[in-house]
There are 2 protein chains.
Amino acid sequence: MDEPKHPVTTVDRTLQIVEIIQELDGAGVSEIAAQVDVGKSAVHNHLNTLANRGYVLKEGDEYQVGLAFLGLGAYARKRNEIFDAAHAQVDTLAEETGELVNLLVEKNGMGIYLYQAQGENAVELDTYEGKQVRLHCTGLGKAILGFRPREEVADILAEHGMPAETEHTITDEEPFFDELDEIREQGYAIDEEERLNGLRCVAAPVTDDDDRAIAAISVSCPVHRVDDDRFYEDLQQAVLGAANVVELEHNYS
Amino acid sequence: MDEPKHPVTTVDRTLQIVEIIQELDGAGVSEIAAQVDVGKSAVHNHLNTLANRGYVLKEGDEYQVGLAFLGLGAYARKRNEIFDAAHAQVDTLAEETGELVNLLVEKNGMGIYLYQAQGENAVELDTYEGKQVRLHCTGLGKAILGFRPREEVADILAEHGMPAETEHTITDEEPFFDELDEIREQGYAIDEEERLNGLRCVAAPVTDDDDRAIAAISVSCPVHRVDDDRFYEDLQQAVLGAANVVELEHNYS
DNA sequence: GAACGCAGTTCCGCCGAGCAGAACAGGTAA
DNA sequence: TTACCTGTTCTGCTCGGCGGAACTGCGTTC
């Protein structure tokens, strides 16, 4: 999305306010006003308008994100038919592996986590359902881009850039395209601390009839706990299997 | 929430727009403008501002609810610790019974569906995660109110009223309180077509250490398919069992 | 294939809604 | 008590959101 020609600043402000509440895990009027750079009376009016519809919740002297967002969020998620096909598979994969399992889709060149399931030993990460990430630095993103036309990938990289998240992030186009070729060949992607230090992932794409990726599934685990054997054998196989089941369910039903 | 003293009409309008998109399952600018009663240029500006942040998505000539809401919604849900404790139980209950299983919490005197899981034969309803309902007309709501101080219940009823949803809805305080007494005694609530014709539910409260309800779990099924034996024996037992497990998990961990 | 009708988008000028800032209310700490 | 935090209410100014008209571009229809 390019910048709107005539942005409605009031709307931007409201969204910003809610996002700040989320970020701070609950906040008061003054606290928010300081961050948004508007007077607290204005913030107060926004909050009360939002509260009236259940979009924020007043807990004493602190405001919290309201559950009304869940209605819209769950609806938006359900519209992706891939979610229905995948979420049971993601659950069982998490149970089998005991690790953190993710489902990612691409929207406007960015990756969005559609669903997560925690296994017994799952790592705690900064990811959450609905979170947006750049595609170039995650196993999930690379799995998707590996099964997209090279031209489209170039457009996405041009639009969103390839900033380094860790010292292992691939930040140049050329090696990145080489990596994508390899991913396409082997059918899965590996992320070795490219987005987060200490974290490795195996990710497999979910493709449609035309071999175009519409989503990706990954297992994330800490580098120090999972050795190469388990990583490249068990986990890789499990992820590929799950992705395959989802693919079948999605394309032929 | 009582009416804000100084509502921000622009915010209201934006939320209204998004809700309309959800209701219509995607809509165009003109279509929305007709319903909100503002010019389409204004609607257009709102939509583009929202789209810029991922809160709506442009699909050709039609706008859709964006996944950015999922981030806030999932966050809001996760803040209710009861969700973590309950959601696996709700899943297994759905699988075991094959029916629709719901998890409801109370916020500001209204019920909000926190989570749903569909079993194999689950009915398709008008409920969805994040949906708000009045407490007096659902099994879930009654299960919660049964384990709340009578005074608090009276306040809630006074604030939100007791409109009839079907011809079976209880619309007067006195019989309602009698019903709550019974619910408290037997430990579960029954809803026989009180919110929706043709639908019956068994609901059990999840209570905290002080025997105060913090949530409720229910199984919903069509009246014509489930006979009394299965309803009052199998389902009731299953729901009570699940609620109990959740209770333990929530209160002692 | 010209003409129409419908969509979304852009532009502009007016006026009312959102804002800042001050005053008020309530609660807590020194 | 005093001081200093909150959140809330109020008022008047002004700037941003709005309506409405103009523009664009895609399908349909004749």
Side-chain angles (χ1 to χ4, degrees), chain A residues 1-66 79 107-108 159, chain B residues 1-66 79 107-108 159:
Chain A
M1 190 70 213
D2 33 33
E3 291 297 303
K5 291 282 183 298
H6 301 279
V8 184
T9 58
T10 309
V11 173
D12 263 323
R13 224 170 344 243
T14 290
L15 295 174
Q16 208 184 334
I17 287 172
V18 179
E19 287 166 6
I20 286 174
I21 296 176
Q22 177 184 20
E23 208 170 318
L24 300 180
D25 201 39
V29 176
S30 313
E31 206 176 349
I32 298 169
Q35 292 218 14
V36 201
D37 197 42
V38 294
K40 53 180 185 164
S41 71
V43 172
H44 177 255
N45 293 340
H46 278 256
L47 288 171
N48 279 80
T49 309
L50 289 164
N52 187 42
R53 288 173 165 265
Y55 288 94
V56 306
L57 209 56
K58 196 171 173 171
E59 297 184 342
D61 262 10
E62 174 170 301
Y63 286 87
Q64 260 298 350
V65 177
R79 281 196 66 256
K107 287 274 139 85
N108 290 126
E159 190 181 346
Chain B
M1 191 70 213
D2 35 32
E3 290 297 304
K5 290 281 182 299
H6 300 278
V8 184
T9 57
T10 309
V11 172
D12 263 323
R13 224 170 343 245
T14 290
L15 295 173
Q16 208 183 332
I17 288 173
V18 179
E19 287 166 6
I20 286 174
I21 296 176
Q22 177 184 21
E23 209 171 318
L24 300 179
D25 201 39
V29 176
S30 315
E31 207 175 350
I32 297 169
Q35 292 217 13
V36 199
D37 197 43
V38 295
K40 54 180 184 165
S41 73
V43 172
H44 177 254
N45 292 340
H46 278 255
L47 288 171
N48 278 80
T49 309
L50 289 164
N52 188 43
R53 288 172 163 267
Y55 287 93
V56 306
L57 209 56
K58 196 170 173 171
E59 297 184 342
D61 262 11
E62 176 170 300
Y63 286 87
Q64 260 299 350
V65 178
R79 281 197 65 258
K107 288 272 139 89
N108 291 126
E159 189 181 346

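Hydrogens, waters and symmetry mates play no part in the numbers below; they use all other heavy atoms, side chains included. Chain letters run A, B, ... following the sequence lines, proteins first, then strands; residues in each count from 1. Worth saying up front: this structure is predicted, and the values here are computed from it rather than measured.
Applying a 4.0 Å cut-off to non-hydrogen atoms, the residues of residues 18-38 of chain B that approach DNA chain C are Gly28(B), Val29(B), Ser30(B), listed by residue number.
Computed from coordinates, the Glu62(B) CD to dG8(C) C1' distance equals 13 Å when rounded to whole Å. Rounded to an integer number of Å, the gap from Asn45(A) CG to dA17(C) P is 13 Å. Put simply, CG on Leu57(B) is 16 Å from P on dG8(C), counting in whole angstrom units. Rounded to whole angstrom, the span from the CD atom of Glu59(B) across to the C1' atom of dA7(C) amounts to 17 Å. Atom-to-atom, NE2 of His6(B) to C1' of dA22(C) comes out at 14 Å; the value is rounded to the nearest Å. Whole-Å rounding puts the Gln16(A) CD to dC19(C) C1' distance at 15 Å. Put simply, NZ on Lys58(B) is 9 Å from P on dG8(C), counting in whole angstrom units. Atom NE2 in His44(B) sits about 12 Å away from atom C1' in dC11(C), given to the nearest Å.
For Lys40(A) and dG7(D), a side-chain-to-base donor-acceptor distance below 3.5 Å is present, hydrogens and geometry of angles not being considered. Contact of Thr9(B) with dA17(C) (side chain to base): no donor-acceptor pair of N or O atoms is detected under 3.5 Å.
Mapping Gly60(A) and Val8(A) onto DNA chain D by nearest heavy atom places Gly60(A) closer to the 5' end of the strand.
A close approach under 4.0 Å does occur between a side-chain nitrogen or oxygen of Tyr63(A) and OP1 or OP2 of dT8(D). Distances shown here put every side-chain N or O of His46(A) at or beyond 4.0 Å from the OP1 or OP2 atom of dG18(C). Put simply, Arg13(A) has a side-chain N or O that comes within less than 4.0 Å of OP1 or OP2 on dC19(C).
Between Leu15(B) atom CG and Thr10(B) atom OG1 the span is 11.0 Å, to the nearest 0.5 Å. Between atom CD1 of residue Ile32(B) and atom CZ of residue Arg13(B) there is a gap of 14.0 Å, rounded to the nearest 0.5 Å. Separation of atoms NZ (Lys107(B)) and CD (Glu59(A)) is listed at 6.5 Å; rounding is to 0.5 Å.
The residue Thr10(B) sits close only to the backbone: its heavy atoms come under 4.0 Å of sugar-phosphate atoms, none of a base.
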Each nucleotide in nucleotides 24-30 of chain C should get exactly one letter: B, S or -. Can you fill that in based on protein heavy atoms under 4.0 Å?
-------
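Between Val36(B) and His46(B), every side-chain heavy-atom pair lies at or beyond the 4.5 Å cut-off. Between His44(A) and His6(B), the closest side-chain pair of non-hydrogen atoms is not below 4.5 Å. Side-chain contact between Tyr63(A) and Val18(A): absent, with no pair of heavy atoms (C-beta onward) separated by less than 4.5 Å. Counting heavy atoms from C-beta on, the side chains of Thr49(B) and Thr14(B) never come closer than 4.5 Å. In this structure, Arg53(B) and Glu19(A) have side chains that are in contact, with non-hydrogen atoms separated by less than 4.5 Å.
Although no hydrogens or angles enter the test, the distance criterion places no donor-acceptor pair under 3.5 Å between the side chain of Gln64(B) and the main chain of Lys58(B). Side chain of Glu31(B) to main chain of Gly28(B): a donor-acceptor pair is present (N/O by atom type, distance under 3.5 Å, no hydrogens or angles).
The minimum heavy-atom distance linking Pro7(A) with Asp12(A) is given by the pair CB-OD2, 4.3 Å. Between Glu62(B) and Ala27(B) the shortest heavy-atom distance is CG-N, 3.5 Å.
Out of dC10(D), dC11(C), dT6(D), the shortest distance to the side chain of Ser41(B) is found at dC11(C).
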Report each atom pair, protein N/O against N/O of nucleotides 24-26 of chain D, whose distance is under 3.5 angstrom.
none

